[in-house]
Amino acid sequence: MLSAFLSAFKTPDLRKKILFTLGIIAIYRFGATLPSPGVAYGNVQQCIAVMQEGDTNGVFTLLNLFSGGALMSLSVFALGIMPYITASIILQLLTVVIPRLEQLRKEGQAGQAKITQYTRYLTLGLAILQSSAFVALARSGQLFQNQCDDYPIVPETSLPTWVTLTALVTTMTAGTGVVMWLGELVTDRGVGNGMSVLIFTSIAARLPSEGWTILKNQGAWGFAGIIAVVLVVIALVVYIEQAQRRIPVQYAKRMVGRRMYGGTSTYIPMKVNQAGVIPVIFASSLLYIPRLVLDFLRSDNPSSTYIFVEKYFADPTSWSYITLYGLLIIFFTYFYVSITFNPTEIADNMKKYGGFVPGIRPGKPTADYLGFISSRITAPGSLYLAAIAVLPNLFFIALDSQQYQNFPFGGTAVLIMVGVGLETVKQIESQLMQRSYEGFLR
Amino acid sequence: MPIGFAYTLIVLLVITSAILTMLILLHRGKGGGMSSMFGGGVSTSLAGSSVAEKNLDRYTLLVGIVWLACIIGLGLWLKLELAKPAADTTAQALSAFLGR
């Protein structure tokens, strides 16, 4: 294991990539703690301390978790990668609806690049919307649920207010653009997928302080219990992530000129969880929308609809929220697999090179067979994702529903962290394979 | 600290923000993020970055540094600005005290 790390650092291009990724992460964390112009850093810290003492549930907890605590402090990278994720979801869902996008997706590389470009534009549009929304929330004090009105987050200065606000919104929007760029740089020149690496960083950055809070509030035994649950979850995640079904493929022997090709038997690996952690990220970012809408509509005497939505769809401890969350994860798993896994294409490729699954005719029957297996294997995969994301939460709610609020040790966060970690290590390993055969995972 | 300082910084900040956003959008989206995951593993690192892309990187970095400097400068200005009223009130209290 250690020697693998050593050899990863001995390989010059890999070392460069790893160091580059670490550098980007450092920049990202720096921007996440740097307050935007016009935001009083001291006051924000006061407010966060007030919020942590009171037991009101933080509103944007999950979002705050995804941005690594940057959101609450209205830092330069406060919005983090959330707008980019939302934009990707919107465009992916639109591909099903709008024929033009569907056509682009089928075009291959060029069309894909165009869709990416649309996603980037949409990201910045969303960033403007969200940053002005958050600045408005912060100014009215609702970001901290009016618990902290004594310390204005955006204090009055000798500048006119609108100038300060313009500067704030502009900075945060540009900051979102920079985060997007950083992510792309990591994908391009570093290791792992940039966006997931950045999410991973944000969640990991919250771990020490949250762990400390738990240790303080629950005592050593409660802390040990939580760590044990987390370890079990990690083991489960790794177990399922590595699981795959191998579909045998036989290649026919062919003579081309004087040389013999094919005649080998191989397999198509079908992972139980083909979708990775993306369904979880999608589901949780969709579910925070009701919360966001509620906070914009907050008033002193809420209507009955407001109370209904708040009770059943915005409270992470209610049964309806948890059920909806699980169902969304299952939906997104199927959705994602249906987009990424194309049985017809694989069957056509196999036919072209003279391969077949023993006992199944090449062409359409093979495609049907692969589609059938894929949809059947995704069923346990999606159930597993939903279970891991939901079950620990149930456990923690049973333990102490107050403490549950901003919780990086919940299933979602652990799932994302382990998933991204595995993905990244695998990528490093495949690069290492080009030089030597010893890897991290055996 | 003169108010003109803050105005200059804010104008510079807004301009650099706009330029930075534009430069970032000019980059060929390297399919970072979710859409590349959606793309079904079409290899994105097809070609090394072109000369244009390299220059673009350089400009973006340059504008980014100016942008960051503006933010830090404004942060420092705000800190001084917030410290000032407190000093004013003590001065007023002192003068009131001395006047009496």
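Quick note: numbers below take in every heavy atom, side chains included, and nothing from hydrogens, waters or symmetry partners. Note that the structure is a prediction, hence the values are computed from the model and not measured. A, B, ... follow the sequence lines: proteins, then strands. Residue 1 opens every chain.
When all heavy atoms of B/Leu78 and A/Val39 are compared, the closest pair comes out as CD2-O, 3.4 Å. A/Gln117 approaches B/Leu25 most closely through the heavy-atom pair NE2-O, 2.8 Å.
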Exercise for review: Would you sort out whether B/Leu68 and A/Leu34 count as a side chain to side chain contact (heavy atoms under 4.5 Å, CB included), showing the intermediate values?
Suggested key: CA-CA 10 Å; B/Leu68 203 65; A/Leu34 183 70; 4.0 Å; yes
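At a heavy-atom cut-off of under 4.5 Å, chain A is reached by B/Ile71, B/Ile72, B/Leu74 from residues 69-76 of chain B, listed in order of number.
Of the atoms belonging to A/Ala275, not a single heavy atom falls under 4.5 Å from chain B. Of the two parts of B/Leu23, neither the backbone nor the side chain holds a non-hydrogen atom closer than 4.5 Å to a non-hydrogen atom of chain A. Only the side chain of A/Phe30 comes within contact range of chain B, with at least one heavy atom under 4.5 Å from a heavy atom of that chain.
Distance check, rounded to the nearest 0.5 Å: OG1 of A/Thr171 to CG of B/Leu20 gives 10.5 Å. A distance of 8.5 Å separates CD in A/Glu184 from CD1 in B/Ile24, rounded to the nearest 0.5 Å. With rounding to the nearest 0.5 Å, the separation of OG1 in A/Thr166 from CD1 in B/Ile10 is 8.0 Å.
In this view, A/Lys271 and A/Glu241 satisfy the salt bridge (charged side-chain N to carboxylate O under 4.0 Å, His left out) rule, not counting sequence neighbours. In this structure A/Glu102 satisfies the salt bridge (charged side-chain N to carboxylate O under 4.0 Å, His left out) test together with A/Arg105, A/Lys106, sequence neighbours excluded.
Within a 6.0 Å sphere centred on OH of B/Tyr59, heavy atoms belonging to other residues, nucleotides or ligands number 12 at most.
Using a 30° and 60° split on the angle between ring planes, A/Trp181 and B/His27 fall in the tilted class, from 30° to 60°.
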Side chains of residues 172-179 of chain A: which donor-acceptor partners sit under 3.5 Å, not counting sequence neighbours?
{"residue": "A/Thr173", "atom": "OG1", "partner": "A/Ser131", "partner atom": "OG", "Å": "3.4"}
{"residue": "A/Thr173", "atom": "OG1", "partner": "A/Val169", "partner atom": "O", "Å": "2.7"}
{"residue": "A/Thr176", "atom": "OG1", "partner": "A/Met172", "partner atom": "O", "Å": "2.9"}

